[in-house]
Amino acid sequence: MKDLLLITPPFTQLNTPYPATAYIKGFLNTKNISSYQIDLGIEVILELFSKEGIRRVFAKEIDLKNTSENSQRIFVLRDEYIKTIDQVILFLQNRNPTLARQICSMNFLPEASRFNQLDDMEFAFGNMGLQDKAKHLSTLYLEDLSDYIVEHVDSDFGFSRYAERLGKSANSFDELYAKLNSNQTFIDDITLKILHKKLELVQPKLVCFSVPFPGNLYSAFRSAKFIKENYPHIKIAMGGGFPNTELREVKDKRVFEFFDFITLDDGEVPLELVYENLNKDENSEFKRTFLIENEEVVYKNNSTKHDYKQAQVGTPDYSDLQLDQYISVIEIANPMHSLWSDGRWNKLTMAHGCYWGKCTFCDISLDYIKIYEPISAKILVDRMEELILTTGETGFHFVDEAAPPALMREVALEILRRNLVVTWWTNIRFEKSFTKDLCFLLKLSGCVAVSGGLEVASDRLLKLIDKGISVEQVAQVTRNFTEAGVMIHAYLMYGYPTQTIQETVDSLEMVRQLFEMGILQSAFWHQFAMTAHSPVGLNPEEFGVTPIKQEILFANNDIDFTDKTGIDHSKFSFGLKKSLFNYMHGINFELPLQNWFDFKIPKTTIHPDYIHDSLLEEENFTFKGNSKIIFLKKNVIAENYIKTKKQNSWAYKRITFHLKTNIISVDFEQEKGEWLTKVLQENTFENPKRITLQQLKTDFENSLEDFELFWFSKPMQQLKENGVILSL
C-alpha cells in the first residue's frame, strides 16, 4: 500500500521512460511520502505486441475484398506475425541478440508496405552494424502491424501518441467528453485491465497522472474515469507539460468529473500540498491548483510556501519502472536520429528554465522557461553516480531547454576528475562559446551528440525570432562539434510570420549546404505554430499575424491565425521533409531544389559556397589573457637530449604524450621544456584551481623571455591541436 500512484498514460517513448514521474518520486522520497510509479504506455505496448495481443488483433473481422492491398497482405501473413512477434520484441529489448542474423537474412520477418523503402536505403546498411540493421528491419515490421491496427482495430493508435487529435488545440471539451462517454476502444481495454491490476496492488490514496503531450491526454481521462467509477474513494490529480501549457484557463466543470486537482508548473510543492490537504475540508492551502469549490472551477494559489531549489528536489528515482522491458527501435538509418528511440537513457536536467529566454516563438512567459536556475556540477555528477548505481545504466540525456555552455564545461571536468565512463547528450543553443577546445573537452567526458535550434536558416528571421545567433555562427559551431566527434541535430522551422517563399527556399539551401559540408548529421522541420504564451501569441500585431478568436473553456495553447503574407506554408511540408530525408542519408545534394517540390519555386539567392566560406578562418593568434588553461594529459614522458651541429651543441627537452590513438613528441629548448613539464604536472584537469593564460605568461617571464612567441610556436600549436592543452 502506497500514498501515491504516479502514472504516465499511453503513449510516450518505447525505448526509455518519460522522466516526469521519476523526478516526482525522487522528490517524494525526500519528504518520506511513499509512492509507486508506472509507465502504462510501455506495459500496453508489450501486451498489444505479444503473441496473444496480435492474435486478438487478427481475430477482429475485416472485409478482405474492400480493404487496402497492404492490409490484405498483412492479414494473409497473420500466422507469420503471430509466430515471430514475441521473439522480435525480445530482440528489441536486447534480450535475444542472436536473432539479428535471422532478421537480416531477409527471409524471417513478414514484409508489407513499410519495407518498400528498403531499396532506397540499402546503401545505408553498409554504415550500420548487424544489430542496428536488424533493429531497423524490426521497426519496419512493427510499423506494418501498426498500420494494420490503425486501419482495422483502433484508428487512434500510434507508438508515441494515442488519440492525439483530441488533445490538440481542443478549445472545447465537447469532442473529448463525447469520446469518453462512448464505448471503450481496443487500446482502452488493454490499458484499463493493466490499470486495474496496479490499483489492486498499490491501493493508493491519490493517483497522479503526468500528461506531457496531447497524445497522452485521452488515456489519462479514460483511466481517471475508470478510477472514479470503480474506486470513488481515491482522489485524482493531473500535472505535466500538457496542463502546464494548455490548461491554464480551464473553465469547463465537466473536466472535474474525472480529476479532483489539476496542478501547474513545477509539481513538487503543488503535489505536496494536495497530498497534505486530501482529507481537509476547510483552511486548505494549495499552490497553482485548479479544483471545484461550490460547484465552480477555482484556481487556488493561497499557499505562501516557496518552490524548492533544484538542489533540494532529490535525485530522480526510476524504481518500480520495468527498465529492462523497454524496446529500442531505429526508424531511419541515421545514427544521430536514432538517439531518441534506441537505447535507454537516464534523464537529468542541468538547469531549470532557459538562460537565453528571448525566442519569440517560445513560451518564455511561463515558469518552466522563465525561471532559470542552474544546478552545481558537483550535485549533477553526484546524481549521475547515484543513477548509475540504481539503474545500472551509464547513458544520460540532459533534457534542458538549452544547456549552459559554462555548466557543460564544469560537468565535463567533474566527470573526468571522477574517472567516470558515461555517455551523454543534450540540447544547446548554437553559442559562439562552443569553441573547438570546449567541444573537444565535452567529447572527452562522454558527450556524443547535441541538438539545437537553427529554426529558420535566415539571418533576417533569426533576428526577428531574437535567437541571438547567425547562420555563419551556427556553421562554425557545428563544425567545431563535428571535428570533435560529436553528432549534431538541428531543429528547423518554416512558416514563421512574414517569412517569404524566397526565404523558405534559401533556408533549405542553407540546410543543404550544412549537410553537404558534413557538419550537420540530422534535422527535423516543424511548421511554425503560434502559442498563447509566446511573444508572438501575446503580441501578434507586432509580427504581422491576426489570431482567429475562439472561446476558451478547455485547452488553450496553439492559436489559429492568418499571416499578412497570405502564403500557404503547409504546401512546403512534403518537399522540405523529403529533401531532408535524402540529405540525412548523404545523397542527392546535387539535385536542384526545384526537384523536391511539385509546384514552381524561385531559385535560391544563396551563394553555393556560402557555408564553405563561413568556415574559412585564418589561424587565430590573438592573446586572451583571461582564458582558463587546462592540461588534460598526465601520462607524459620527458627526456633531455643534446643536439649537435658542426661544433655547436644545444640542450633540448623532448616531451612525449601517449594519446589514446597516437603518440605526439615535441621538442623544446631545455629551459622552456623544463618550465612546461613543471606546469603540466601542477595544472592537470584534476586541479580545481584554474590557471589563466595571463598567469602562465607572468610565471614564464619570471625566468624566460617572450611568452607569446613560445605560446604560438609550432610545438605548442601541435599540442593544442591534439587536445593536450585546452583554452576555455
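All values derive from a computational prediction rather than experimental measurement.
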*Among Asn595, Ile587, Leu593, whose side chain to side chain contact (heavy atoms under 4.5 Å, CB included) with Leu591 holds?*
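The side chain to side chain contact (heavy atoms under 4.5 Å, CB included) with Leu591 is passed solely by Asn595 among Asn595, Ile587, Leu593.
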
Ring-ring centroid check [X] [Y], cutoff 6.0 Å:
| X | Y | value |
| --- | --- | --- |
| Phe572 | Phe574 | no |
| Phe398 | Trp424 | yes |
| Tyr496 | Phe361 | no |
| His397 | Trp340 | no |
| Phe11 | Phe157 | yes |
| Phe524 | His526 | yes |
| Tyr218 | Tyr162 | yes |
| Phe221 | Phe209 | no |
| Phe561 | Phe543 | no |
| Phe256 | Phe261 | no |

*Aromatic rings Phe554 and Phe242: how do their planes relate, parallel, tilted or perpendicular, breaks at 30° and 60°?*
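Tilted, since the angle between the ring planes falls between 30° and 60°.
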
Would you confirm whether [X], through its side chain, and [Y], through its main-chain N or O, come within 3.5 Å as a donor-acceptor pair?
| X | Y | answer |
| --- | --- | --- |
| Asp563 | Val545 | no |
| Asp342 | Val329 | no |
| Ser182 | Lys179 | yes |

Salt bridge check: are [X] and [Y] linked by an N-O gap of less than 4.0 Å?
| X | Y | result |
| --- | --- | --- |
| Arg512 | Glu516 | yes |
| Asp506 | Lys603 | no |
| Lys225 | Asp188 | no |

Looking at [atom1] of [X] and [atom2] of [Y], how far apart are the two atoms once the value is rounded to the nearest 0.5 Å?
| X | Y | atom1 | atom2 | value |
| --- | --- | --- | --- | --- |
| Lys251 | Asn556 | NZ | CG | 8.0 Å |
| Asp609 | Met517 | CG | CE | 8.5 Å |
| Leu492 | Leu576 | CG | CG | 9.0 Å |

*Return yes if a side-chain donor-acceptor contact under 3.5 Å exists between Ser573 and Tyr494, otherwise no.*
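Yes.
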
*asked:* Checking Thr349 against Tyr23: is there a side-chain donor and acceptor pair closer than 3.5 Å?
replied: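 Note: Tyr23 and Thr349 side chains meet the donor-acceptor criterion.
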
Heavy-atom count check: over 12 atoms from other residues, nucleotides or ligands less than 6.0 Å from [X] [atom1]?
| X | atom1 | value |
| --- | --- | --- |
| Lys432 | NZ | no |
| Glu590 | CD | yes |
| Lys578 | NZ | no |

*Of the non-hydrogen atoms in Met493 and Trp525, which two are nearest, and what is the gap between them?*
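So the two residues come closest at O-CZ3, 3.5 Å.
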
*Under the ring pair (Phe, Tyr, Trp, His ring centres under 6.0 Å) rule, what do Phe481 and Phe434 come out as? Steps first, then yes or no, please.*
CA-CA 8 Å; Phe481 274 113; Phe434 289 110; 5.1 Å; yes

